[in-house]
Amino acid sequence: MEDKIDKSDIDILMDVEFLVSVIVAIGEVANITGVPQRKIRYWDEKGLIEPVDTTSTTRQYDYLNIKKIVLIKDLLDEGYTLDTTAKKLNERCQKMAEVFKRAAALTKK
DNA sequence: ATTCTTACA
DNA sequence: TGTAAGGA
């Protein structure tokens, strides 16, 4: 694999940097994903998702969270149980986290 | 105006 | 899961 980056790659990386900085409340997430707030809070209670500021009185969600929520919705729609969905979620979450970490590291160079 | 928790015609 | 109540 080629690891050399050019100018267009930098542009994309900056977009990613912006995306990961975006933080929204549950209402926005519900609008964007189409998942009812009720479900989002429920999945939160079940530990499927982790809002980015546990000290806040309100749930704060970042891009990764939104990504997870959409993933959960799709998995559930496919017929998986909440439990197996949680496991499949973690697998893909680790991969996503790695990708974002590398992207973030690249933008700093 | 928006979110939070609790509870159930 | 939907939704209404009641407080923050």
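In what follows, every chain begins at residue 1, and chains take the letters A, B, ... in the order their sequences are listed. Just so it is clear, the structure is predicted and the values come from calculations on it, not from any experiment.
Pair assignment for dT2(B): dA8(C), on the basis of Watson-Crick or G-U wobble contacts that are both within less than 3.5 Å. Across all strands shown, dT1(C) has no partner, as no Watson-Crick or G-U wobble contact with both distances under 3.5 Å is found.
Regarding K39(A), its NZ atom lies at a distance of 4 Å from the P atom of dT1(C), rounded to whole Å. With rounding to whole Å, I40(A) atom CD1 is found 12 Å from dT3(B) atom C1'. If you take CZ of R41(A) and P of dT3(B), they are 8 Å apart, rounded to a whole angstrom. We find that OH of Y42(A) is positioned 15 Å from P of dT5(B), with the value rounded to whole Å. Remark: P of dA8(C) and CD1 of I26(A) are 20 Å apart, rounded to the nearest angstrom. Put simply, CD on E45(A) is 12 Å from P on dA7(B), counting in whole angstrom units. Rounded to an integer number of Å, the gap from NZ of K73(A) to C1' of dT1(C) is 16 Å. For the pair K46(A) NZ and dT1(C) P, the computed distance is 12 Å after rounding to whole Å.
Considering only the side chain of Q37(A), dT3(B) comes nearest among dA7(B), dT3(B), dC4(B).
Both V24(A) and L71(A) sit in one connected hydrophobic cluster of ILVMFWY residues. Membership requires side-chain heavy atoms under 4.5 Å apart, directly or through other members. Grouping the Ile, Leu, Val, Met, Phe, Trp and Tyr side chains by contacts below 4.5 angstrom, directly or via other members, places V22(A) with V35(A).
The phosphate of dT3(C) (OP1 or OP2) has no side-chain N or O of R38(A) nearer than 4.0 angstrom. Look at R59(A) and you'll find a side-chain N or O under 4.0 angstrom from OP1 or OP2 of dC4(B).
The environment of Y80(A) atom OH is sparse: at most 12 non-hydrogen atoms of other residues, nucleotides or ligands sit within 6.0 angstrom.
In summary, the side chains of S8(A) and D6(A) do present a donor paired with an acceptor at a separation below 3.5 Å, with no hydrogens or angles considered.
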